[in-house]
Amino acid sequence: MKTLLDADYTTRDDKTVIRLFYKTDEGREIKEIYDFQPYMYVLPKEGEIDKLSEEIGKISNIKNVEKTRMLEMEQEVDVLRITVNHPRNVPDLRAIIRELENCEEVREAHIPFAERYLTDSGLVPMENCEKLNLRIASFDMEVYNPDREPDSEKDPIIMISYADNHGLKKVWTYKTIEGLDLDYVEVLGDEKEIIEKFIETIKKREIDIITTYNGDNFDFPYLKDRSEKHKIKLSLGADNSPLRMERRGMNMGARVKGRPHVDMYPVCRQIFNIPRYTLEDVYQEITGEEKKDIQVNAMAGIWDNPTFEEYTAFLEYSMSDATATLEIALELLPLHYEISRITRELIYQSSRAGSGQRVESLLIKKAFEKKILVPNRPSDRIVNKRQRTTYSGGYVVEPKKGIHDNILLFDFRSLYPSIIISHNIDPSTLDCNCCQKDAYMSPTGHYFCKKKKGFIPENLEGLLQRRITIKKKLNAEKDPRKKRFLDVKQQALKLLANSMYGYFGFPRARWYSRECAEAITALGRKYIQETIEIVPSFGFGVIYGDTDSVYLIETEGLEGDEVMEHAKSFLKKINSELPEGMELEFEGFYPRGIFITKKRYAVIDRKGKLIIKGLETRRRDWANVAKNTQKKVLNVLLRDKTPDKAAKIVKDMVQEIKKGEIPLSDLTINTQITKDMGEYKNEGPHIQAAKKAMKKGMEFKQGNIVTYVITKKGSSISDKAKVVDFVEEGDYDTYYYINNQVLPAVLRILEALGYTEDELKGKGKQTTLEGF
DNA sequence: TACCAGAGGAG
DNA sequence: AAATCCTCTGGTA
């Protein structure tokens, strides 16, 4: 048994060699493939294939020209398959060929060579990797940082922590202290020695996967710089090749050949929705436990003049970074193994890929199997054009504002995927020539072929059917380990199925089709609107709805079983009229809910669990004081049904804030820097806070989340905004936190119940309590 | 006060 | 480098 961990190509004697990095029962294996050459397809102008073939034959660096038949928009076409001697010549040859008189188009010239091999060979990365018991290690570094942000030119690495899933835990450092007693600490001579020890350990312990937390942007590039300083070859690769930093779009990826490096930071940003993505926050999200943390600005001081307690705490912190990263990796990697297997992308790629890239990888593999010509990547000009053409999305119902009791929720199961499948929505079936009258119609005026199944609907259906099979197995399975394995499998399939609609509308997609994306959403609107129209005839009223869901209340004085009977006949009626594969489901019953505006509401379920949507409580750019107060008010209204307590909660919190005793952790606001720092026309509080912090040596760039507090000193809000690291406890603007945080968050809710702002601020009388 | 840029959520 | 719809803030004129 073996599992494919990595693949690349190299050049030997000017010939290409594909290398496949396997983990096997015995150890590892690097298989080399010599007989695979890059190629591209060329579509000739109508009837000119022979002329074109002749023209291409005259060009140098071409190994072979051969006629073949491929599918283009579900039609068989004659094309030329051009084999090239080396991938490095592909771009130039493509440019030459596409200018030839008889050439219509060049295809598949831009598929990276190693990926091309994986596609054509049908190899599945990470197959059986669970059975092979992969050796997974994590590492983290602490760096000397007297100027806050370390500079790899001068600031050495002072600790490297390491943990693997075979029991080894280490912190390598080169300073000790009297009485130091931590069994995992190994004190070596200097920075060079700890780096060498790290490299040696990865190799000796036959590590298969290296994980880090932000290793792409910090640990690996820093380690690389420091290794170069010491003239150490950072030969971590399974073939002893050095670590390589690769460009991946806007970001960098640290690549170790044959021992894939998986950076958990981008993985966590994709999977979790939390206010911040520090290792501590993510660790808490996964395990529910607090992780040790120490102040970054204290590190250099501790290193220079350590006390026993401080140094021990520093070492413990360092160790916990590696063990936490390992724990996170062990938790999240299984999903990525599965995504890797489904999309047949290397784990190095798939762990860093976005939804669009994953869908595309999957489609390229499936296209190869069906001999479908892969569409080219759009040029920047086309991408720009696509970005300018927008289309309409889901339908949102204006909510009936206020409190409602006994709410029923219905929603369409996988609305967009089920529309794609049941209406056969695909670029190749769009406005086909064969079934104009009898086709699947879209409200947009386009129609979709009924005779031939489209490429994307077919594959989407495949994903969903596999998911159904797996879910059946999952329900029958007793062994918790196997259950978890199956659950991860179905999650991965769901993830990919749900990405298909977005892919149609993604301007950089090869299979982009605005008509398809538009048809999907238009049909979605049609079905939800038709559903809403017949609601009254079953004795219900619509409280709210968004895209694929409707919240209903009973309106004709029915009770208990009678309500459920009506709900059942409502469902039956809707479902009898839906196309096969689409289904409206009863999703839940909520004794009470409060609806504020579109996309902002809260309901409580029978178990007393509060479900809050869109409100400040759910947003990272609001302070905890406001979020917690809002949550308390919602609890009082929905759970305890004691609205008069709400005013007291708010008044008490206002007093607390005035006292100046709210801890900073409840005052911080998190906002992401979404643009390049220089691109801002309007600099909001987070940007101005970041800029001030940058003057003090902190680094900020696009993608970072700024955690700031509105302090006492300054004129405007932005002026008062300071990154939390530079704020003293108690230094906060009470006026701002009362009037711009707590009050707006709670007033919005109370106003939806009919209170006025003046009443709530004690200026008026509380007479509008009746009604609940 | 009206408008905008910017952000982050829902589905 | 998945889509659109929507609310809300802080700054500006």
Side-chain angles (χ1 to χ4, degrees), chain A residues 248-251 266 270 273-275 352-360 363 377-378 380 383 386-387 389-399 409 411-417 420 495-514 516-518 520-522 524-525 528 544-551 587 596-601 611-623 626 669-675 679-688 702-703 705-706 710 715-721 736 739-741 744-745 747-748:
Chain A
R248 288 187 50 84
M250 299 249 294
N251 302 311
Q270 266 195 3
N273 182 14
I274 48 178
R352 289 167 178 79
S355 319
Q357 197 188 124
R358 278 185 200 142
V359 168
E360 198 148 283
L363 292 179
R377 281 225 182 96
D380 284 352
V383 169
R386 288 177 180 178
Q387 275 166 346
T389 55
T390 55
Y391 64 93
S392 306
Y395 173 66
V396 189
V397 183
E398 187 64 47
L409 170 60
D411 67 13
F412 285 94
R413 180 169 42 78
S414 304
L415 179 67
Y416 289 170
I420 295 171
L495 201 70
L496 282 158
N498 286 341
S499 310
M500 288 286 183
Y501 150 69
Y503 180 79
F504 275 134
F506 173 39
R508 309 196 92 94
R510 292 172 187 266
W511 276 273
Y512 172 86
S513 171
R514 203 211 52 183
C516 290
E518 205 170 17
I520 295 161
T521 55
R525 291 195 299 275
I528 198 77
Y544 179 58
D546 187 348
T547 311
D548 60 356
S549 64
V550 278
Y551 288 84
E587 185 58 35
I596 316 293
T597 58
K598 286 178 176 176
K599 301 192 188 278
R600 295 163 68 87
Y601 63 93
I611 298 142
I612 303 170
K613 302 284 183 181
L615 295 169
E616 286 72 12
T617 308
R618 298 288 305 256
R619 297 178 64 97
R620 68 154 162 259
D621 54 355
W622 280 74
I669 296 163
N670 298 295
T671 311
Q672 195 183 177
I673 301 172
T674 60
K675 303 157 80 97
E679 304 276 294
Y680 280 94
K681 285 184 193 162
N682 289 342
E683 294 185 346
H686 68 301
I687 301 301
Q688 294 203 29
Q702 193 171 10
I705 293 168
V706 186
I710 305 303
S715 48
S716 66
I717 292 169
S718 292
D719 211 28
K720 293 176 182 176
Y736 174 85
N739 291 289
N740 296 34
Q741 290 281 330
L747 286 181
R748 250 189 287 285

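Below, chain A is the first sequence line, B the second, and so on; all start at residue 1.
Using a 4.0 Å heavy-atom criterion, one finds that G356(A) contacts the sugar-phosphate atoms exclusively. Here T547(A) lies in heavy-atom contact (under 4.0 Å) with sugar-phosphate atoms only. In this structure, Y544(A) reaches neither bases nor backbone, as no heavy-atom distance under 4.0 Å exists between it and the strands shown. When heavy atoms are screened at a 4.0 angstrom cut-off, G614(A) is found touching the sugar-phosphate backbone but no base atom. Using a 4.0 Å heavy-atom cutoff across all strands shown, R377(A) reaches no nucleic acid atom at all.
Within the structure, a side-chain polar atom (N or O) of R620(A) is placed less than 4.0 Å from OP1 or OP2 of dG8(B). Distances shown here put every side-chain N or O of K681(A) at or beyond 4.0 Å from the OP1 or OP2 atom of dC4(B). For Q357(A) and dA2(C), the shortest distance from a side-chain N or O to OP1 or OP2 is not below 4.0 Å.
Atom-to-atom, CZ of R618(A) to C1' of dG8(B) comes out at 12 Å; the value is rounded to the nearest Å. Y551(A) has its OH atom 11 Å from the P atom of dA10(B), to the nearest Å. E360(A) places its CD atom 11 Å from the P atom of dA2(C), with the value rounded to the nearest Å. We find that OH of Y512(A) is positioned 19 Å from P of dA1(C), with the value rounded to whole Å. If you take CD1 of I274(A) and C1' of dG9(B), they are 16 Å apart, rounded to a whole angstrom. In this structure, L615(A) places its CG atom 17 Å from P of dG8(B), rounding to the nearest Å. Rounded to a whole Å, the CD1 atom of I612(A) is 10 Å from the P atom of dA10(B). Residue Y503(A) contributes atom OH, which lies 13 Å from atom P of dA1(C) at whole-angstrom precision.
Under the ring pair (Phe, Tyr, Trp, His ring centres under 6.0 Å) criterion, Y416(A) pairs with Y501(A), not counting sequence neighbours. Partners of W622(A) by ring pair (Phe, Tyr, Trp, His ring centres under 6.0 Å), not counting sequence neighbours: none found. Annotation: salt bridge (Lys or Arg N to Asp or Glu O under 4.0 Å) contacts of D621(A) (sequence neighbours excluded): R619(A). Checked against salt bridge (Lys or Arg N to Asp or Glu O under 4.0 Å), R413(A) has the following partners two or more places apart in sequence or in another chain: E583(A), E585(A). Evaluation of the salt bridge (Lys or Arg N to Asp or Glu O under 4.0 Å) rule for R386(A) yields no partner, not counting sequence neighbours.
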**OP:** Mark up nucleotides 5-11 of chain C, 5' to 3', with B wherever a protein heavy atom is under 4.0 angstrom from a base atom, S wherever such an atom reaches only the sugar-phosphate, and - elsewhere.
**Re:** BSSSSSS

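When distances are taken from the side chain of P507(A) to each of dG6(B), dT4(C), dA2(C), the shortest belongs to dA2(C).
With hydrogens and angles left out, the side-chain atoms of Y601(A) and Y551(A) include a donor and acceptor closer than 3.5 Å.
Between H686(A) and Y680(A), the ring planes lie perpendicular to each other; the angle is over 60°, past the 30° to 60° tilted range.
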